[in-house]
Amino acid sequence: DQQVKQNSPSLSVQEGRISILNCDYTNSMFDYFLWYKKYPAEGPTFLISISSIKDKNEDGRFTVFLNKSAKHLSLHIVPSQPGDSAVYFCAARTGGGSEKLVFGKGTKLTVNP
Amino acid sequence: DTGVSQDPRHKITKRGQNVTFRCDPISEHNRLYWYRQTLGQGPEFLTYFQNEAQLEKSRLLSDRFSAERPKGSFSTLEIQRTEQGDSAMYLCASSPVLSGQPQHFGDGTRLSIL
């Protein structure tokens, strides 16, 4: 069973507009959520995270929102830039003393000039 | 700040051979993790160390897989008697012990089994 789901395999937006990437999870014990960006032939790069006790975290152009009741989180990128084109992975820590991260399958974002 | 380093970047081997990968974490990061990623999937957790102690192992880590971190610095992941299904990207990550710190990944070792 997939505990972290990214239902959109791809997303295309215009430069300067907002990109919204979504992630759903099933395990209510997850205590920490992260977004990673991945370029081809490189490892995932950490972008932003949020603790389960918060509902929003902002870092420059990136904002992550967490809705615990809906078991949903989203990543907003404003304004989107062509260099943001990459695969974005949502990840969740299993908690309970475990440091294991569970990843979604990723969403490929394309930002068109 | 030097990132996580993995060696080799690519490994091609015949089925049935043994392979070993190395990971050097970010200095002063006490925790080190191994993940595996196949095409179209996100990384899947294999195991993690805090210093030299292996604290957690996934059911994905069969008897043919073994990981070590003998001195709490670099780590090795060995796969014995490789199978076609072992073809994947093997990713290493590290993090400090401090709570709420993200894992930082290396660029991975891509394993291809002929």
Side-chain angles (χ1 to χ4, degrees), chain A residues 1-10 21-25 27 30-54 57 59 62 64 66 75 86-108, chain B residues 1-10 21 23-26 29-51 53-61 88-110:
Chain A
D1 66 330
Q2 200 171 5
Q3 298 185 67
V4 177
K5 297 180 182 179
Q6 294 178 257
N7 292 318
S8 298
S10 63
L21 296 103
N22 293 303
C23 178
D24 296 296
Y25 63 94
N27 188 342
F30 287 149
D31 66 353
Y32 181 55
F33 301 88
L34 308 91
W35 284 94
Y36 286 86
K37 176 171 74 173
K38 188 180 183 303
Y39 294 119
E42 294 183 10
T45 301
F46 169 72
L47 266 180
I48 192 168
S49 63
I50 187 167
S51 165
S52 61
I53 62 174
K54 296 190 175 182
N57 189 26
D59 183 2
F62 303 93
V64 56
L66 175 62
L75 174 67
V87 178
Y88 288 76
F89 290 98
C90 169
R93 188 173 69 182
T94 48
S98 171
E99 295 297 319
K100 167 185 171 181
L101 293 182
V102 179
F103 283 80
K105 291 186 177 183
T107 296
K108 183 176 182 180
Chain B
D1 184 18
T2 305
V4 176
S5 177
Q6 292 190 246
D7 183 69
R9 290 295 309 276
H10 303 275
F21 312 138
C23 172
D24 288 90
I26 294 171
H29 278 190
N30 299 94
R31 289 182 173 153
L32 185 148
Y33 312 80
W34 285 100
Y35 290 81
R36 180 173 69 185
Q37 185 176 19
T38 53
L39 197 62
Q41 304 294 317
E44 293 177 290
F45 173 82
L46 293 177
T47 188
Y48 101 91
F49 294 83
Q50 183 163 311
N51 300 314
Q54 189 172 19
L55 296 186
E56 194 171 352
K57 290 171 62 173
S58 165
R59 287 171 293 176
L60 290 174
L61 213 65
M89 176 73 81
Y90 289 83
L91 293 163
C92 178
S94 70
S95 73
V97 172
L98 287 173
S99 179
Q101 295 299 307
Q103 298 175 23
H104 295 274
F105 285 81
D107 287 337
T109 293
R110 178 167 295 286

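Protein chains get the first letters and strands the later ones, always in sequence-line order, with residue 1 at the start of each.
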- Query: So, are A:Lys5 and A:Asp24 salt-bridged, with charged N and O less than 4.0 Å apart?
  - Reply: no
- Message: Any carboxylate oxygen within less than 4.0 angstrom of a Lys/Arg side-chain nitrogen, looking at A:Lys100 and B:Glu56?
- Response: no
- Evaluate the ring planes of A:Tyr36 and A:Phe46, with Trp represented by its six-membered ring, and classify them as parallel (under 30°), tilted (30 to 60°) or perpendicular (over 60°). perpendicular
- Message: Between A:Ala91, A:Gly106, A:Ser49, A:Ser98, who has the most heavy-atom pairs with chain B when the cutoff is under 4.5 Å?
- Response: A:Ser98
- Query: Which bit of A:Leu101 comes within less than 4.5 Å of chain B, counting heavy atoms only: side chain, backbone, both or neither?
  - Reply: both
- Item | Atom pair OH/SG of B:Tyr33 and B:Cys23 - distance to nearest 0.5 Å | 12.0 Å
- Note on the structure: Closest non-hydrogen atoms of B:His104 and B:Val4, given as atom of the first, atom of the second and distance, are O-CG2, 3.3 Å
- Message: Which atoms of B:Arg110 are under 4.5 Å from chain A, going by heavy atoms: the side chain, the backbone, both sets, or neither?
- Response: neither
- Check whether A:Thr45 gets within reach of chain B through its side chain, its backbone, both or neither, counting any heavy atom under 4.5 Å. neither
- Note on the structure: So, the part of A:Lys38 with a heavy atom under 4.5 Å from chain B: the answer is side chain
- Query: Which residue out of A:Lys105, A:Arg93, A:Lys108 racks up the most heavy-atom pairs below 4.5 Å with chain B?
  - Reply: A:Lys105
- Taking the six-membered ring for Trp, are B:Tyr35 and A:Phe103 parallel (under 30°), tilted (30 to 60°) or perpendicular (over 60°)? perpendicular
- Query: Which bit of B:Gln37 is near chain A, if near means a heavy-atom gap under 4.5 Å: side chain, backbone, both or neither?
  - Reply: side chain
